[in-house]
There are 2 protein chains.
Amino acid sequence: MDEISLFEERSKEFYKDYLPHVSIDCVVFGFHSNTLKVLLIRMKGQEHWGLPGGYVGKDEHIDDAAIRILKSRTGAEKVFLEQFKAFGNTGRSEKDLSYLPESIWFRQRFISVGYYALVDYEQIIPVVDDISTACEWKSVHELPAMMMDHRQIYEAALENMRFQLNYKPIGYNLLPEEFTMPDLQKLYETILGKPLSRSNFQRKMLAYDIFIKHDKERKGGAHRSPILYSFDQVKYQAALKTGLKEAW
Amino acid sequence: MDEISLFEERSKEFYKDYLPHVSIDCVVFGFHSNTLKVLLIRMKGQEHWGLPGGYVGKDEHIDDAAIRILKSRTGAEKVFLEQFKAFGNTGRSEKDLSYLPESIWFRQRFISVGYYALVDYEQIIPVVDDISTACEWKSVHELPAMMMDHRQIYEAALENMRFQLNYKPIGYNLLPEEFTMPDLQKLYETILGKPLSRSNFQRKMLAYDIFIKHDKERKGGAHRSPILYSFDQVKYQAALKTGLKEAW
DNA sequence: ACAAAAGTGTTTAACCTACACCCATGC
DNA sequence: GCATGGGTGTAGGTTAAACACTTTTGT
């Protein structure tokens, strides 16, 4: 079956189940071997890559839709997921989808609500669904050409994420359950694109007082063993309530 | 003509001109006599007040729709207008609009994109359109009961605006073309809900170096005449480019 | 002249940065 | 034991808050 027939088939279900004109795009960030990664998919019939996305059930909260879409793509639950902007240009899909018949679901004009997620790279298994041919991590340094306005959406997500990172310690969401301060610092340096003072970074992070210090260390590498930390939900929530030093 | 007949009439146009399921709500802030104000409307047939809103033309950018809606309500153009969040609960209009026939435009499920605007109170003339019975400024301290989830939308806008205010000098958008530092400080104190140090406030603001200092002063009041300032677009844009000290 | 508001200057403390030092581990 | 990475301490500088002082105006 060619993809047009397939899309026509799926179109019927989509019109039945989902709200027209509204879509969701997820920018899923991961971190692996000192590189920031983004999860991209390739739709059948498309040359360019795109963001994993989906639609909103007729009786579904948009946040729930985002959670569902993310889970269907990665199996991940309870990750950091935040809405950051709605995209409502006209002609967003003009150049990439105009080869499809007009009646097809995808040819609608969509207002897309962007969410970005921070996930543990190791815990995710990218899922290729029936309307796509690939779902892979791509390094942000060597992103392939992207369809529609997905590049813009990605950039807006990155900017938003960087901004948040500057004001709230959200970075650990990209790391495994247990991590070391050097790990965390590498991640911050990668995302922010600049080196940070090692000793001060450590102090600043620990000053947030939202980490659990483990007794064990990570053995194996040469040189001194770094201390393992994990994230303390309870303390973090408490810290958020009293404000995380973002005020006059 | 009762409002149901009217709505049925308008419904047809709306279905023809606008994208279904997508709406826009504007939280318009103004500042008058040391009080922060919000522009509210009352829809025909509704007991409670609501935010001025509208819909997105089938071939219109959502930002343009927001600008158009704001202009139609206030006559204001070129004001500070920013998208801050999309609201996509289910049953948003359940309790307030369920008395209307289901076929009516307003009974759709809407995903609403929230924008907030900062306008010069003096320059605005609230406009009552044909589907509403009132359009008035209300003090944020004594807001009336609001329809649907508009209270939540307002609160999200306020929070967002406060946050921005902490990091970027956007407050002057609420003042007339020419204003004094004491004016600006009163405004900040009102919005943030706490007193600020007078001398330090002045220094901090002037340090941004985005204001034009006028030679004249405001005469009339008792005591020393304050210096008039206005906002310097050019310097502000330049400052934004080099970054407004929000970084590591 | 005086009171009150606006504008400017000065002291002080908190904070961040840079750097030095110590510790632990594998070779 | 020594090279290297990890963790802690400390001095110096920057910035902002707190307060004092001066200037200006209307009464």
Side-chain angles (χ1 to χ4, degrees), chain A residues 33-34 165-169 171-172 175 178-190 192 194-230 239 242-248, chain B residues 33-34 165-169 171-172 175-176 178-190 192-230 239 242-248:
Chain A
S33 63
N34 289 347
L165 195 67
N166 271 329
Y167 291 103
K168 290 178 187 172
Y172 51 78
L175 294 174
E178 298 189 331
F179 55 89
T180 69
M181 279 299 143
D183 291 341
L184 191 60
Q185 184 177 345
K186 293 246 168 49
L187 189 155
Y188 268 64
E189 290 179 333
T190 305
L192 297 174
K194 59 180 165 184
L196 301 170
S197 152
R198 187 177 52 84
S199 49
N200 295 333
F201 178 84
Q202 180 130 340
R203 223 194 318 272
K204 200 176 212 165
M205 277 298 149
L206 292 180
Y208 281 126
D209 193 30
I210 56 161
F211 299 112
I212 298 165
K213 187 175 188 167
H214 293 236
D215 288 335
K216 53 191 172 177
E217 288 123 34
R218 173 183 298 163
K219 305 282 182 181
H223 319 304
R224 177 171 181 174
S225 311
I227 299 172
L228 284 166
Y229 292 90
S230 40
T242 59
L244 214 52
K245 61 170 175 179
E246 41 177 278
W248 275 60
Chain B
S33 63
N34 288 347
L165 196 65
N166 271 328
Y167 291 103
K168 290 179 189 172
Y172 51 80
L175 294 175
E178 298 190 331
F179 55 90
T180 70
M181 279 298 144
D183 290 342
L184 191 60
Q185 184 177 347
K186 293 247 170 46
L187 189 155
Y188 269 65
E189 290 179 334
T190 305
L192 297 173
K194 59 180 165 184
L196 301 170
S197 152
R198 187 176 50 83
S199 50
N200 294 333
F201 178 85
Q202 181 131 340
R203 222 194 320 274
K204 201 175 212 166
M205 277 298 149
L206 293 179
Y208 282 124
D209 192 32
I210 56 163
F211 299 111
I212 299 165
K213 187 175 187 168
H214 292 233
D215 287 336
K216 53 191 172 177
E217 287 123 36
R218 173 183 299 162
K219 305 283 182 181
H223 319 303
R224 177 170 182 173
S225 310
I227 299 172
L228 284 167
Y229 292 89
S230 39
T242 60
L244 212 53
K245 62 170 173 178
E246 42 175 280
W248 275 62

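Chain letters run A, B, ... following the sequence lines, proteins first and then strands; every chain starts at 1. Nothing here was measured: the structure is a model prediction, and the numbers come from that model. For the numbers below, each heavy atom of this structure counts, side chains included, while hydrogens, waters and symmetry mates do not.
For the ring-ring contact (aromatic ring centres under 6.0 Å, His included) test, no residue two or more places apart in sequence or in another chain qualifies with A:Y229. Partners of B:Q185 by side chain to side chain donor-acceptor pair (under 3.5 Å), not counting sequence neighbours, listed by chain and number: B:E189. In this structure A:T180 satisfies the side chain to side chain contact (heavy atoms under 4.5 Å, CB included) test together with A:P182, A:D183, A:R218, A:P226, A:L228, sequence neighbours excluded. Residues passing the side chain to side chain contact (heavy atoms under 4.5 Å, CB included) test with B:L187 are B:F31, B:L174, B:L175, B:I191, sequence neighbours excluded. With sequence neighbours excluded, no residue forms a side chain to side chain contact (heavy atoms under 4.5 Å, CB included) with A:D215. Under the rule for a side chain to side chain contact (heavy atoms under 4.5 Å, CB included), the partners of A:N200 that lie at least two apart in sequence or sit in another chain are A:S197, A:R203.
One atom, NZ of B:K204, and another, C1' of C:dG7, lie 18 Å apart when rounded to the nearest Å. Atom pair B:D183:CG and C:dG7:C1' shows a separation of 15 Å (rounding to whole Å applied). Atom CZ of A:F211 is separated from atom P of D:dG7 by 13 Å (rounded to the nearest Å). At whole-Å resolution of the value, CZ in A:F201 and P in D:dG6 are 12 Å apart. B:M205 has its CE atom 18 Å from the C1' atom of C:dT8, to the nearest Å. We find that CG of A:L206 is positioned 16 Å from C1' of C:dC16, with the value rounded to whole Å. B:D215 has its CG atom 16 Å from the C1' atom of C:dG7, to the nearest Å. Between the NE2 atom of A:H214 and the P atom of D:dG6 there is a distance of 18 Å, given to the nearest Å.
Using a 4.5 Å heavy-atom cutoff, the side chains of B:I227 and B:F211 are not in contact.
Interatomic distance, OH of B:Y167 versus CG of A:N166, reported as 9.5 Å (0.5 Å rounding). Atom CE in B:M181 sits 7.5 Å away from atom CE in B:M205 (nearest 0.5 Å).
The rotation axes computed at either terminus of the helix from C:dA1-D:dT27 to C:dC27-D:dG1 lie 10° apart, taking five pairs at each end and rounding to 10 degrees.
Closest non-hydrogen pair, A:P169 versus A:I210, comes out as CG-CD1, 3.6 Å.
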Reading nucleotides 9-14 of chain C from 5' to 3' and marking B where a protein heavy atom lies under 4.0 Å of the base, S where only the sugar-phosphate is that close, and - otherwise, the string is BB----
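Between A:F179 and A:Y172, the two ring planes are parallel [angle under 30°; tilted spans 30° to 60°].
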Within the sub-3.5 Å range, which N or O atoms of nucleotides 3-6 of chain C have a protein N or O partner, and how far apart are they?
from	atom 1	to	atom 2	distance (Å)
C:dA6	N3	B:R224	NH1	3.1

